[in-house]
Amino acid sequence: MPELPEVEVTRRSFADAIEGATVLQARLGKPLRWPLGVAPDQLVGARVGAATRRGKYLWLPVSRPAVEGGLLLHLGMSGSLAFSWQAAAPGVHDHFDLQTDRGVLRLHDPRRFGAVVWSEGLNAGTAAKLLAGLGMEPFDPRFDGPHLHAGLSGRRVAVKLALLAGDIVVGAGNIYACEALFLAGIDPRLQASKLSRPRAARLAQAVRGVLAQALEAGGTTLRDFKDAHGVAGSFQMQANVYGREGQPCFTCHTPIRRIVQGARSTFFCPQCQKR
Ligand SMILES: [Zn+2]
């Protein structure tokens, strides 16, 4: 599943190239998670603005003097976006093309949990509704120990599940939550409300650090993620615990354990990570 770093890598791979382009045509394939919400013809002639990201959503302003708005895109479970000067004829899994005078932005999504949705603004209409429950951006300077500690307080669930919920901070998906908890030395089963302030500060720093590292590496390749130029990421090479069940911890050589929390695999070192 594409996570925040992969989505950000995707954004960076086409944002500069598409900004200022004029839409020539929008083509829909099979239905995605939600309907587009606008007639594709309405987008013709519109100008594409600067692509931004919020959580795992991308926002692409697509406006005409008469029609203000944009497209909110989500890669779902298996989606990828490619921007190319000339796209081949759409394949069976290519479900959205935004053809512009600078190239074609194409959503390839075999499982079709992805989405392209029209909204009159990022803070209005459909986008505002979809983004309403999202926590703080991990690279927002306001995301720090006190913010995380306040968010976790009063929650009786395991700290890992509280991170995964995404309503305190976005971006700590399964891989990154496992890795951040390892770096902070915190047992993923610890009850969220029992995390001390100093440990919350370490965890906030670890979340930011692991996401920054993944971004630098071009996103993870744990699935078959590729950015809009088809370049695979390399974060999996650096994972300390994720996907390493039974293998020795790089720090203490204790075998990494795998447990299931909320129907997702959690990997951790029973020696380095404390309750
Ligand atoms: Zn260890």
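As the structure lists them, so they are numbered: ligands from 1, and atoms in each ligand from 1.
- Minimum heavy-atom separation, Ala204 to Leu148: N-CD2, 3.6 Å.
- Across His147 and Arg142, no two heavy atoms sit closer than the pair CB-O, 3.7 Å.
- By the criterion of a separation under 2.8 Å, the protein N/O/S atoms near the Zn ion (ligand 1) amount to Cys249 SG, Cys252 SG, Cys269 SG, Cys272 SG.
- Gln247 CD: more than 12 foreign heavy atoms inside a 6.0 Å radius.
- Looking at Glu179, its side chain does come within 3.5 Å of a backbone N or O of Tyr242 through a donor-acceptor pair.
- Across Thr266 and Lys160, no two heavy atoms sit closer than the pair OG1-NZ, 2.8 Å.
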Name every donor-acceptor pair, under 3.5 Å, that has one atom in a side chain of residues 26-44 and the other anywhere in the protein, sequence neighbours excluded.
residue	atom	partner	partner atom	Å
Arg27	NE	Asp97	OD2	3.2
Arg27	NH2	Asp94	O	2.9

